[in-house]
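Everything quoted here is computed from the prediction, not taken from an experiment. Below, each value reflects all heavy atoms present in this structure, side chains not excepted, and no hydrogens, waters or symmetry copies. All chains are named by letter (A, B, ...) in the order of the sequence lines, taking the proteins before the strands, and each is independently numbered beginning at 1.
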Amino acid sequence: MIDLIFPDGSKRSYEAGATGREVAASIAPSLAKRSVLVKLDGALLDLDRPLQAGGKFELLTRDAPEALETIRHDASHVMAEAVQELFPGTQVTIGPAIEDGFYYDFARDEPFSLDDLAKIEQRMKEIVDRDEPIKREEWDRDEAIAHFKSIGEAYKAEIIESIPAGETVTVYRQGNWKDLCRGPHLPSTKAVGKAFKLTKLAGAYWRGDHRNPMLQRIYGTAWGSEAELEAYLLRLEEAERRDHRKIGRAMDLFHMQEEGKGMVFWHDKGLTLWRVVEDYVRRRLDEAGYVEVRTPQVLDRVFWEQSGHWEKYRPNMFVCETEEGEELSLKPMNCPGHVQIFKFGQKSYRDLPLRMAEFGACHRYEPSGALHGLMRVRAFTQDDAHIFCREDQIEEETARFIELANSIHSDFGLERDHIALATRPAVRAGSDEFWDKAETQMLAAARKAGVEPVIAEGDGAFYAPKLDWVLKDSIGRTWTCGTIQLDYVLPERLDAEYVGEDGQKHRPVMLHRAICGSLERFIGVLIENYAGAFPLWLSPVQVVVATITSDADEYALKAAQALRARGLRVETDLRNEKINYKVREHSLAKVPVIAVVGRREAEEVKVALRRLGSDGQQILELAEAANTLASEASPPDVARRAGA
RNA sequence: GCCGCCUUAGCUCAGCCGGUAGAGCGACGCAUUCGUAAUGCGUAGGUCAGGUGUUCGAGUCACCUAGGCGGCACCA
């Protein structure tokens, strides 16, 4: 007998081997009908899986949040069944549930077309209507290999071959179709429902390795209900509307062109935004005790050889040769340059921690397929800094940095989702003892700053573990911006030393850190976060002074000048157009404040302010408006200083 | 880099089975001087990404190249 503890706390005994469906039926036949999965001690099981042990027991209907992942996983199976029915000879590989949906990778010589997706979707709906029971079977591993080979499923056979010999494997069967799968699954294809949609076609390497053949991946999204599907599709549209490439063009912030792939032409308005961001970060660094430096764009390969980057990243560096036979590289990173400054002259323990910052322009030859608007470029500017410190200062410095980064992100209106601790990667420099120590130090530092990081196994840099900030934007998407990496390797390789209290030479530790990451990317994130409607302090154009009739032209110029004198970014619109037209145009251009002036305002030395997103107006004396707006437009740190 | 798709006026996009290029917005000109999300009329603007081929004839079909987009791989 086994004891099942129900969510209400009651306990009942059943024969070992009873299934979830039988348990449900013992309570109410309708429950057996509605249930699709069993949750036993937190693990999901098939409804018809015989229960061998007791525990905390729950029956899940398909509306349960926990069932969604299974719905998606089943949708991928239904898709695979549909594909193999429609396109005989196509091999299946793997098809998991992912965030918001699922995919399945197929091997087929002929490419799928967008038209095929509609056909597959149609067939999937038919399979759901067929209400095919989904049955779990246990197979002998070797028999499974032989079987899948015999039906031409080479990839499946290969997957099973990677399972240790002697183990049983599970196969799920629905109708005439079957797939090797760990499960669990819903009891029938009908339970998948029809709130799904195939969304895109893509290539994907077998087993995620670029040396393997490329498979065809079909992505889909699946939800518990039509309404959720609709809501999801709406979210996609919203994200598209915010695309920084579209907004960048519409707001005349920047452009890119084929002669400079992955490079940004910043237009004046975009550069204004850039300067606001850079100036703000610079003030925060000054305040936090950093010094700012600037190092050469092009350096001899010797530095990159010493740092180890030449060996690992040479194909991704922009290298040039001189007439005299030198081999130079555009800097892909700032670290070696900063170490040269550190090494210039003699450093003492009294100089530590030395926080050396640079808005460093770097170039990396990124693969063409990786480029993506401002988010992934070949020429970018890091808000980089290296903190040279003693080992006993690591925790304190890391904790201080965590606070600084948090404060800066929040000033930009970005919420923190979590901080990840990226641990040792498979290919790495340094001994296990070193990694044990470094990972422990990073974790301790994070905790000291009151942060419990989420462990990202194997995501560290080759020389160091790191903490990465994962931020959430206004529509819930996450972005990784900001990092701190603990490095014992580079100081050694580039021979950085300081004189300790004991008069001996010692190696400093380097903390590589960035808060925005690349300014290009960070600005891209800001554009998408605000959909171009920036808060006043960030807005490239803060105020447009718009006239109603040409009688107010002279006054409008004077008013604009008065606002500019207070540091505001002001444009004037004296065009011979109706005020309606001007209001519409500047509203669409996301200008935060429109100052309307007509004959009346000109006579009374006032302005009528209209703020983006509200249709009211506020009539103020010009001097008062200048005061109010100037104070509202203060960057957050400046405002805090003024308030203190 | 790999797989797939896309590329028509400054922008957004039509253009059927191959028959010789179209709209809206914008720009420019003229009229209009107007009180908070589009004033009217007019004008100009295109080697249909580039190349090769098929064809009596190519924006439309085929192939190649480039760029873009969506993924994959990569991301110090």
[N] pairs with which nucleotide, Watson-Crick or G-U wobble, both distances below 3.5 Å?
N: B:rC17; result: none
N: B:rU60; result: none
N: B:rC72; result: B:rG1
N: B:rG45; result: none
N: B:rU12; result: B:rA23
N: B:rU54; result: none
N: B:rG40; result: B:rC30
N: B:rU7; result: B:rA66

If the [atom1] atom of [N] is compared with that of [M], how far apart are they to the nearest Å?
N: B:rC11; M: B:rG26; atom1: P; answer: 15 Å
N: B:rU60; M: B:rG19; atom1: C1'; answer: 11 Å
N: B:rC3; M: B:rC17; atom1: C1'; answer: 31 Å
N: B:rG24; M: B:rC61; atom1: C1'; answer: 31 Å
N: B:rA9; M: B:rU65; atom1: P; answer: 24 Å
N: B:rU55; M: B:rC69; atom1: P; answer: 37 Å
N: B:rG4; M: B:rU43; atom1: P; answer: 48 Å
N: B:rG15; M: B:rU54; atom1: C1'; answer: 23 Å

Subject >> RNA chain B: 5'-proximal contact among A:Arg575 and A:Gly262 (nearest heavy atom) >> reply: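 Its nucleotide being nearer the 5' end, the pick is A:Arg575.
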Subject >> Residue closer to the 5' end of RNA chain B, A:Leu215 versus A:Gln257 (nearest nucleotide) >> reply: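 That would be A:Leu215.
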**OP:** Sugar-phosphate means primed atoms, P, OP1 and OP2; the rest is base. With that split, encode nucleotides 69-76 of chain B 5' to 3' as B, S or - using protein heavy atoms under 4.0 Å.
**Re:** SBBBBBBB
Subject >> Base versus backbone protein contacts along nucleotides 33-50 of chain B [heavy-atom cut-off under 4.0 Å; B, S, -] >> reply: BBBBBBB-----------
Original post:
Base, sugar-phosphate, or nothing for A:Lys261, non-hydrogen atoms under 4.0 angstrom?
Top reply: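 If one applies the 4.0 Å heavy-atom cut-off, A:Lys261 turns out to touch the sugar-phosphate alone, with no base involved.
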**OP:** Could you note down all residue pairs passing salt bridge (charged side-chain N to carboxylate O under 4.0 Å, His left out) where residues 255-267 of chain A supplies at least one of them, sequence neighbours left out?
**Re:**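 Matches after skipping sequence neighbours: none remain.
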Original post:
If anything within 90° of 0 is syn and all else is anti, what is B:rC17?
Top reply: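 It is syn.
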[X] [atom1] - [N] [atom2] separation (whole Å):
X: A:Glu258; N: B:rU7; atom1: CD; atom2: P; result: 16 Å
X: A:Leu117; N: B:rC3; atom1: CG; atom2: C1'; result: 14 Å
X: A:His255; N: B:rG10; atom1: NE2; atom2: P; result: 14 Å

Ring centres under 6.0 angstrom apart ([X], [Y]):
X: A:Tyr488; Y: A:Tyr463; value: no
X: A:Phe254; Y: A:Phe265; value: no
X: A:Phe196; Y: A:Trp223; value: no
X: A:Tyr104; Y: A:Phe106; value: yes

**OP:** Can you sort out the partners of A:Arg314 under side-chain hydrogen bond (donor to acceptor under 3.5 Å, both in side chains), two or more places apart, ordered by chain and number?
**Re:** none
Subject >> Heavy-atom pair of closest approach, residues A:Leu233 and A:Lys197 >> reply: CD1-CD, 3.9 Å
**OP:** In sequence, state the C-alpha distance, the side-chain angles, and the governing distance for A:Asp459 and A:Lys466, and then conclude on salt bridge (Lys or Arg N to Asp or Glu O under 4.0 Å).
**Re:** CA-CA 8 Å; A:Asp459 274 356; A:Lys466 55 181 181 169; over 6 Å; no
**OP:** Before accepting this row, confirm whether a basic side-chain N of the pair A:Arg207/A:Glu158 lies closer than 4.0 Å to the acidic partner's carboxylate O.
**Re:**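 Yes, this pair counts.
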Original post:
Honestly, is A:Arg364 close enough over A:Phe318, meaning NZ or CZ under 6.0 Å from the six-membered ring centre and within 45° of the axis?
Top reply: no
Subject >> Selection: residues 92-111 of chain A, any non-hydrogen atom under 4.0 Å of RNA chain B >> reply: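 Result for residues 92-111 of chain A: A:Pro111, sorted by number.
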Would you list the atom pairs, donor with acceptor, under 3.5 Å between side chains in residues 591-606 of chain A and any protein atom, with sequence neighbours excluded?
unit_1   : atom_1 : unit_2   : atom_2 : d
A:Arg599 : NE     : A:Asp551 : OD2    : 3.1
A:Arg599 : NH2    : A:Asp551 : OD2    : 2.6
A:Glu601 : OE1    : A:Gly598 : N      : 2.8

Original post:
Under 3.5 Å, is there a donor-acceptor pair between the A:Trp479 and A:Asp473 side chains?
Top reply: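 A:Asp473 and A:Trp479 do have a side-chain donor-acceptor pair below 3.5 Å.
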Subject >> Polar contact flag, side-chain donor to acceptor under 3.5 angstrom, A:His512-A:Asp384 >> reply: no
